[in-house]
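What follows is one structure encoded as structure tokens, with my remarks underneath.
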Amino acid sequence: MSRDIPTFSDPERTHWADSCRPLSDAAEHGMIEFHTLVHGHYPGRTLPEDVLPGLKTVGFWDSMGNQNWGLDWHCNEGIELALLERGSLDFSASGKQTKLLPGDLTLTRPWQKHRVGAPNVRPSRLHWFIIDLEVRRPHQEWRWPHWIVLAPADLKELTTFLRHNDQTVWRDAAEVRRCFTRIADVIQNDATGTGLSWLTVLLNELLIHMLDLIRSQDAPIDKSLATPERTVELFLDDLRSEPRQLRLKWSVRLMAHSCGLGVTRFTDHCRDQTEYTPMQYLNRLRLEFATQLMRDHPEMTNAKLADSCGFRSASYFATAFRKQFGCTPHQFSAQANPK
């Protein structure tokens, strides 16, 4: 759940959390029924700091009519399970759009971009929880909160699957559905907080049902999904797909830090995947974006183009552009936009 915030909004920070702004606005205006327990910035009733640490948000919305909002592309700061109990919802992840039907379950990891609504939300009742496992990238080791009490072998099996499979939509999740509805009853009917023991039990039960669902569908394991190479691949995808990322003041150190890797290892993976050093590749993306801007906005000056694409000065931008394309920005713009 999120407002429209990019995964990397500041190179000094490796991950920006979502705040569900459209959802909380809809609740404030009486457009939906909304019940949650939360830690941190998420909207809802705040849990005590020492109660269920790592649980970022758990709850549900109940939308009785078509909405004028949706949750745009975003990542979470933990693993999210969400289940549609009633209605239908458009859900997108990894570039694929699905219409969720009652009983469908979605599962997204912290690095998986997803969207709810296309662009708006339909009449629906949706349940979810997000647990922070202290990871933001695929290769990092997961750390479950201490209140997750699955048997060690079961927790290891669940973790192994969740790290090595990127399936986001699951069908026939009947037991998970029943567990989510019981959690909703606890949240909605317990204003004093005395149901927290039940909530703890039910969240553990839900994970057990998730493990049973995985086993029943014989889901495949792909070890390559949890490697440093995969982490770098996703980071480079962010740069390619998010023009806002190109404006940030990246250095190789900050890129490596954002991936949770050392500079040398990050640089090696970048070279393997792109045949360029990190800064060479970043500047190529910036220059390609500049050509797009010039086609769409031929009136833009070199100074404006440089600022929009992340170059430190108009002169450096012009020099890099001529080196890359063999002509000045003005010449390119004139050719791309003949009168």
Could you check whether [X] pairs with [Y] (Lys NZ or Arg NE/NH1/NH2 to Asp/Glu carboxylate O, under 4.0 Å)?
X      : Y      : answer
Glu275 : Arg284 : no
Glu141 : Arg163 : yes
Lys99  : Asp104 : no
Asp90  : Arg122 : yes
Glu157 : Arg215 : yes
Asp238 : Arg137 : yes

Side chain [X], main chain [Y], donor-acceptor under 3.5 Å:
X      : Y      : result
Gln140 : Arg136 : yes
Gln331 : Thr328 : yes
Asp222 : Ser224 : yes
Asp307 : Ala303 : no
Gln67  : Gly65  : yes
Trp250 : Gln245 : yes
Arg45  : Ile187 : yes

Can you tell if the side chain of [X] reaches within under 4.5 Å of the side chain of [Y], non-hydrogen atoms only?
X      : Y      : answer
Val135 : Pro110 : yes
Trp128 : Thr106 : no
Ser124 : Leu84  : yes
Val38  : Leu47  : no
Pro119 : Asp72  : no
Leu261 : Val232 : yes
Phe311 : Leu246 : no
Leu126 : Leu83  : no

Test of ring centre spacing under 6.0 Å for Trp170 and Phe161: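 For Trp170 and Phe161, the ring centres are under 6.0 Å apart.
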Evaluate Arg109 against Glu80 for salt bridge (Lys or Arg N to Asp or Glu O under 4.0 Å), listing each step before the verdict. CA-CA 7 Å; Arg109 293 81 176 163; Glu80 179 183 45; over 6 Å; no
Are [Y] and [X] connected into the same hydrophobic cluster when the rule is that any two of I, L, V, M, F, W, Y join if their side-chain heavy atoms are below 4.5 Å apart?
X      : Y      : value
Val201 : Ile208 : no
Leu101 : Leu81  : no
Met64  : Leu100 : no
Val149 : Ile131 : no

Looking at [X] and [Y], what are the two nearest heavy atoms and their distance?
X      : Y      : result
Thr231 : Pro138 : OG1-CD, 3.2 Å
Arg171 : Leu213 : O-CD1, 3.9 Å
Leu236 : Cys270 : CD2-SG, 4.3 Å
Arg86  : Ser63  : NH2-O, 3.6 Å
Gly117 : Arg115 : O-NE, 3.4 Å
Cys309 : Leu293 : SG-CD1, 3.8 Å

So, taking the atom named [atom1] in [X] and the one named [atom2] in [Y], what distance separates them when rounded to the nearest 0.5 Å?
X      : Y      : atom1 : atom2 : answer
Thr168 : Lys113 : OG1   : NZ    : 15.0 Å
Leu225 : Asp166 : CG    : CG    : 5.0 Å
Thr301 : His330 : OG1   : NE2   : 13.0 Å
Asn337 : His297 : CG    : NE2   : 10.5 Å
Ser94  : Gln167 : OG    : CD    : 11.0 Å
Asn165 : Thr160 : CG    : OG1   : 12.0 Å

Working note: Val51 + Trp147, criterion side-chain contact (heavy atoms from CB on, under 4.5 Å); need CA distance, chi angles, decisive distance, verdict. CA-CA 9 Å; Val51 173; Trp147 50 269; over 6 Å; no
Start with the C-alpha gap between Ile79 and Thr108, add the side-chain angles, then the distance that decides, and say whether side-chain contact (heavy atoms from CB on, under 4.5 Å) holds. CA-CA 6 Å; Ile79 186 167; Thr108 51; over 6 Å; no
Pair [X], [Y]: side-chain N/O donor-acceptor within cut-off below 3.5 Å:
X      : Y      : value
Glu49  : His39  : no
Gln273 : His269 : no
Arg295 : Gln292 : no
Thr227 : His139 : no
Tyr281 : Arg286 : no

Just list the side-chain donor-acceptor pairs under 3.5 Å for residues 26-36, sequence neighbours left out, or say none.
| unit_1 | atom_1 | unit_2 | atom_2 | d |
| --- | --- | --- | --- | --- |
| Glu28 | OE2 | Arg21 | NH2 | 3.2 |
| His29 | ND1 | Asp25 | O | 2.7 |
| Glu33 | OE2 | His35 | NE2 | 2.9 |
| Glu33 | OE2 | Gln188 | NE2 | 2.9 |
| Thr36 | OG1 | Pro43 | O | 2.8 |

Might you confirm whether atom CD of Gln97 has over 12 heavy atoms from other residues, nucleotides or ligands at distances under 6.0 Å?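 Counting neighbours around CD of Gln97, more than 12 heavy atoms of other residues, nucleotides or ligands fall under 6.0 Å, so yes.
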When the ring planes of [X] and [Y] are compared, do they come out parallel, tilted or perpendicular, using 30° and 60° as the limits?
X      : Y      : result
Phe332 : Phe325 : tilted
Trp61  : Trp69  : perpendicular
His114 : Phe91  : tilted

Could you give me the CA-CA distance, side-chain angles and deciding distance for Phe321 and Cys327, then say whether side-chain contact (heavy atoms from CB on, under 4.5 Å) is met? CA-CA 7 Å; Phe321 193 94; Cys327 63; 4.2 Å; yes
Using the ring of Phe180 (Phe, Tyr or Trp, six-membered ring only), decide whether Arg177 places NZ or CZ under 6.0 Å from its centre and within 45 degrees of its axis. no
Examine Arg125 relative to Phe60 and say whether NZ or CZ is less than 6.0 Å from the centre of the six-membered ring and inside a 45° cone about the ring axis.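 Pair Arg125/Phe60 counts as cation-pi.
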Would you sort out whether Glu299 and Met294 count as a side-chain contact (heavy atoms from CB on, under 4.5 Å), showing the intermediate values? CA-CA 8 Å; Glu299 76 284 356; Met294 282 186 276; over 6 Å; no
